[in-house]
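So the structure is just underneath, and the comments pick up after that.
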Amino acid sequence: MTAATHSPLFPRVPDSPDAVLDGLDPEQRAVATALHGPVCVLAGAGTGKTRAITHRIAYGVRAGILQPSSVLAVTFTNRAAGEMRGRLRQLGAAGVQARTFHSAALRQLQYFWPKAVGGPLPRIVDRKIQLVADAAAASRIRLDRNELRDVTAEIEWSKVTQTVPGDYAAAAAKASREAPRDPAEIAKLYEAYEEIKRDRAVIDFEDVLLLTVGILQDRRDVAEQVRAQYQHFVVDEYQDVSPLQQRLLELWLGDRDDLCVVGDASQTIYSFTGATPDHLLDFRVRHPGATVVKLVRDYRSTPQVVHLANGLLSQARGRAADHRLELVSQRPAGPEPSYADYADEPSEAEGAARHVRALLDAGVPAAEIAILFRTNSQSETYEQALADAGIPYQLRGAERFFDRPEVRRAILALRAAARFGANDSRLDDVDDLPSQVRAVLSGEGWTAEPPAGSGAVRERWESLAALVHLARDVAAAGPAVTLADLVAELDERAGAQHAPTVQGVTLASLHSAKGLEWDVVFLVGVAEGMMPISYAKTDEQVEEERRLLYVGVTRARERLFVSWALSRSPGGRPNRRPSRFLDGLRPGSTAAGSRSGGAGGAGGVERGFGSAVRGGAAGAVPAARRTRRTVARCKVCGRTLTEAGEMKLMRCEDCPSDMDEGLYERLREWRAVQAGRSGQPAFCVFTDRTLMAIAETVPEEPEELARIPGVGMRKYKRYGADVLAICAGQEVGEGEEEV
């Protein structure tokens with residue numbers, strides 16, 4: 001198991017700004033050199049997005065355009081932030097802050113709380129589920145263990161979407177959420193939970209963001225101090241931002257636009273937590289002058305794996321699908337994906353274990369093999385099958401590596417040996433780093449041969465073996481590296497939760513596999529009811545399940561095994577069928593219907609309107625002068641707008657509309673004709689909200705139409721002349737169908 005891009009531990013630092021750009025492909029280089037104004041990087045799986053944005057920051061720093069202390073790079077996991085900091089150091093750009101949203105917000109909250117509020121910052125609770133249980137008891141509502149977990153998730157979703165208890169029921173209905181209890185009960189529990197926190201003077205994980213947002217909104221002096229510190233922002237995995245995180249980002253930015261965002265709408269798989277790709281997809285709406293760079297060269301996977309990944313998305317529907325990227329593999333050809341069905345789930349697990357054993361016997365390292373499943377409950381069957389076959393494994397998402405007792409003890413022993421090595425008899429007659437580490441860890445339970453069987457003893461040995469292998473890799477990267485250097489590396493990795501590779505097959509859910517890759521991937525349980533999951537009812541939920549499978553497919557570098565069971569238990573009725581997502585892709589199946597290329601399309605660079613052809617002729621793109629970004633406000637009541645739909649209309653949902661109803665109906669009729677011609681859903685031409693915005697604005701000039709959120713450069717080119725003619729009361733001819 002590795003992070004999404006390989007890099008040596010101690011490479012040579014580039015000796016000049018231009019050397020930072022060496023080895024980048026044309027699109028990555030375009031990212032690295034686009035250092036001014038808003039930049040949006042649409043990066044497909046395996047296309048080197050982290051490489052592109054770290055080289056962008058490093059190039060700016062090394063060229064003297066960016067001050068390291070003025071850059072804040074934000075990502076979603078401590079591991080990703082740690083990896084980014086490491087890469088920036090390797091590129092000679094130390095001093096840049098790379099943090100998660102929560103880490104950056106907590107640091108600011110701790111610093112400004114005494115000044116803005118007074119007194120010490122309240123204690124942050126580690127686990128909120130006990131507080132939810134106390135809230136249930138105070139509300140006289142009985143919750144079992146599963147309901148406690150689900151209600152806790154609803155409270156978390158409410159907070160990241162900035163929903164207060166009184167608005168929960170309406171917000172949940174609007175978002176089509178399947179509430180685990182009656183919405184009124186959840187709202188009551190949510191209110192009781194907040195009261196308990198206030199009474200006990202504690203805050204939770206989401207409060208860190210909420211309180212930081214509150215201070216930045218209410219205290220202009222604090223906001224100005226933060227903005228004076230950070231002038232340039234980079235946000236990774238932008239498709240996963242929640243409304244609350246987006247609001248915090250806006251407050252960090254103020255009225256500036258020195259922002260670079262990176263994401264892929266086709267990898268949006270966390271909507272249940274409040275994440276939404278709308279901010280990524282609406283980036284050009286918020287920033288009309290933005291530069292957009294599309295990365296589609298896939299350096300991770302073989303053409304056969306990429307073909308399957310592209311095939312999955314070719315059948316997708318919805319807004320994210322309209323912006324899908326067609327990946328192009330840069331690797332030599334490999335084997336075709338393998339498909340297999342089994343009588344039942346235990347047989348499927350045993351089949352996977354047999355294939356894994358054959359791979360291990362053929363020389364494939366265990367750490368380069370992963371078995372990925374939809375739900376954590378599927379793990380036990382595969383753990384048992386691997387244990388029965390004598391195959392070592394690690395369960396991703398279990399206890400974090402650096403929190404394991406044996407790892408903590410081992411690092412203490414290594415630190416002591418680094419400090420007092422001359423007086424440690426175990427280090428007599430051993431000079432190289434790997435030998436020193438083996439000598440020290442032998443006293444902690446490491447042996448040259450692994451213990452027989454599985455269980456806790458084997459897991460402890462695997463943890464220590466991972467440290468031994470890391471020492472070997474460090475020594476190979478730099479022969480002069482000392483034991484003290486290794487301890488420093490471990491401390492850095494512990495802070496970022498960047499665990500070394502454990503020499504075992506990885507078992508992981510598809511959600512926890514995001515951002516990782518392996519040579520060989522087994523996608524198991526790919527059957528209806530599990531993929532898509534049975535409770536995915538709406539079109540949006542089903543499409544997210546498709547994207548989840550896409551993420552699983554794109555974890556594989558070389559070989560991919562896809563399987564499903566015809567029944568759950570031995571002897572059960574074989575009434576299951578393979579996932580609908582495989583229709584037309586696996587041998588012997590037929591497609592339910594596919595789409596031609598989406599709006600994402602091929603790679604390349606799109607400049608903002610300001611660099612396009614000027615003029616108002618039909619088909620020409622109107623120029624848009626780059627302006628300073630301002631807060632969107634309702635044109636009726638003046639309230640600040642945060643929802644994408646409201647921003648399209650430039651008014652609150654409930655404020656009165658002055659829409660030309662007749663014009664709106666004519667636009668809808670025209671849209672139906674266009675959709676029929678292209679074979680696409682009507683919303684792919686223009687959404688209802690965009691048509692409403694056009695009917696309210698009634699644009700007369702190309703510039704007016706282009707400024708309406710939801711139009712954009714591509715749709716203006718295709719539909720602008722028709723829309724302006726309809727707004728002017730003219731009849732639109734049939735014309736020729738565009739190809």
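Values reported hereafter were calculated over all heavy atoms of this structure, with side chains retained and with hydrogens, waters and symmetry mates removed. Not measured: the values here are computed from a predicted model.
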For residues [X] and [Y], determine if any side-chain heavy atom of one lies less than 4.5 Å from a side-chain heavy atom of the other.
X      : Y      : answer
Arg547 : Leu510 : no
Tyr270 : Leu548 : no
Val41  : Tyr238 : no
Tyr716 : Leu724 : yes
Phe581 : Val542 : yes
Leu585 : Leu308 : yes
Thr100 : Val74  : no
Arg668 : Leu691 : yes

Is it true that the side chains of [X] and [Y] contain a donor and an acceptor less than 3.5 Å apart?
X      : Y      : result
Glu250 : Gln246 : yes
Gln541 : Glu543 : no
Arg56  : Gln28  : no

Backbone N/O of [Y] and side chain of [X]: donor-acceptor pair under 3.5 Å:
X      : Y      : value
Lys715 : Val685 : yes
Ser512 : Ala508 : no
Arg62  : Gly60  : no
Arg297 : Gly46  : no

**Request:** Would you please test Arg300 and Gln330 for side-chain hydrogen bond (donor to acceptor under 3.5 Å, both in side chains) and show each step?
**Result:** CA-CA 8 Å; Arg300 176 188 300 160; Gln330 307 297 299; over 6 Å; no

**Prompt:** What do the steps show when you test Trp670 against Tyr719 for side chain to side chain contact (heavy atoms under 4.5 Å, CB included), and what is the final call?
**Reply:** CA-CA 10 Å; Trp670 166 84; Tyr719 303 123; 3.6 Å; yes

Spatial distance of atom [atom1] ([X]) from atom [atom2] ([Y]) [nearest 0.5 Å]:
X      : Y      : atom1 : atom2 : answer
Leu209 : Leu244 : CG    : CG    : 5.0 Å
Leu280 : Cys40  : CG    : SG    : 5.0 Å
Thr697 : Ile708 : OG1   : CD1   : 4.0 Å
Phe233 : Asp257 : CZ    : CG    : 12.0 Å
His323 : Leu313 : NE2   : CG    : 13.5 Å
Thr273 : Trp157 : OG1   : CH2   : 11.5 Å

**Message:** Run the side chain to side chain contact (heavy atoms under 4.5 Å, CB included) test on Leu312 and Asn310 for me, step by step, so that the C-alpha distance in whole Å, both residues' side-chain angles and the decisive distance to 0.1 Å come before the verdict.
**Reply:** CA-CA 5 Å; Leu312 282 171; Asn310 286 336; over 6 Å; no

[X]/[Y] ion pair, N-O < 4.0 Å:
X      : Y      : value
Glu27  : Arg29  : no
Lys49  : Asp236 : yes
Arg707 : Glu703 : no
Asp282 : Arg319 : yes

**Asked** Which is it for Asp25 and Tyr299 under the side-chain hydrogen bond (donor to acceptor under 3.5 Å, both in side chains) test, yes or no, and what are the steps along the way?
**Response** CA-CA 11 Å; Asp25 68 32; Tyr299 298 96; 2.6 Å; yes

**Item:** Chi angles and distances behind the side chain to side chain contact (heavy atoms under 4.5 Å, CB included) call for Leu216, Val222
**Value:** CA-CA 6 Å; Leu216 292 175; Val222 171; 4.0 Å; yes

**Request:** Would you check, one step at a time, whether the test side-chain hydrogen bond (donor to acceptor under 3.5 Å, both in side chains) holds for Ser271 with Glu544?
**Result:** CA-CA 8 Å; Ser271 67; Glu544 181 151 335; 2.5 Å; yes

**Asked** Is the Phe272 to His511 ring centre distance short of 6.0 Å?
**Response**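 Judged by ring-centre distance (under 6.0 Å), Phe272 and His511 do meet the cut-off.
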
**Request:** Determine, using ring centers only, whether His55 and Tyr59 are less than 6.0 Å apart.
**Result:**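 For Tyr59 and His55, the ring centres are not under 6.0 Å apart.
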
**Message:** Determine whether Val235 and Val262 satisfy the following criterion, side chain to side chain contact (heavy atoms under 4.5 Å, CB included), listing intermediate values before the conclusion.
**Reply:** CA-CA 6 Å; Val235 184; Val262 189; over 6 Å; no

**Request:** Verify salt bridge (Lys or Arg N to Asp or Glu O under 4.0 Å) between Arg324 and Glu326, making sure each step is shown before the conclusion.
**Result:** CA-CA 7 Å; Arg324 70 183 182 86; Glu326 188 87 16; 2.9 Å; yes

**Message:** Taking side-chain contact (heavy atoms from CB on, under 4.5 Å) as the definition, give me every residue that meets it alongside Asp207, ordered by chain and number, with sequence neighbours left out.
**Reply:**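 Result, side-chain contact (heavy atoms from CB on, under 4.5 Å) vs Asp207: Lys159, Lys197, Ile203, Asp204, Leu210, Leu211.
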
Work out which heavy atom in [X] is nearest to a heavy atom in [Y]; give both atom names and the distance.
X      : Y      : value
Val241 : Gln245 : CA-OE1, 3.4 Å
Ser103 : Arg99  : OG-NH1, 3.0 Å
Gln239 : Ala275 : O-CB, 4.5 Å
His232 : Leu35  : CE1-O, 3.7 Å
Pro277 : Thr268 : CB-OG1, 3.4 Å
Ser329 : Ser301 : OG-O, 2.7 Å

**Message:** Using a 6.0 Å distance limit plus a 45 degree cone around the ring axis, check whether Arg555 lies over the aromatic ring of Trp518.
**Reply:**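 Relative to the ring axis of Trp518, which defines the angle, Arg555 lies outside at least one limit.
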
**Prompt:** How far apart are the C-alpha atoms of Trp252 and Gln229, what are their side-chain angles, what is the distance that settles it, and do they pass the side-chain hydrogen bond (donor to acceptor under 3.5 Å, both in side chains) test?
**Reply:** CA-CA 10 Å; Trp252 283 340; Gln229 170 69 49; over 6 Å; no

**Crowding at CD, Gln217 (>12 non-hydrogen neighbours, <6.0 Å)** =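 More than 12 heavy atoms, drawn from other residues, nucleotides or ligands, come within 6.0 Å of this atom.
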
**Other residues, nucleotides, ligands: >12 heavy atoms within 6.0 Å of Phe205 CZ** =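 Atom CZ in Phe205 is not packed in, count stays at 12 or less.
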
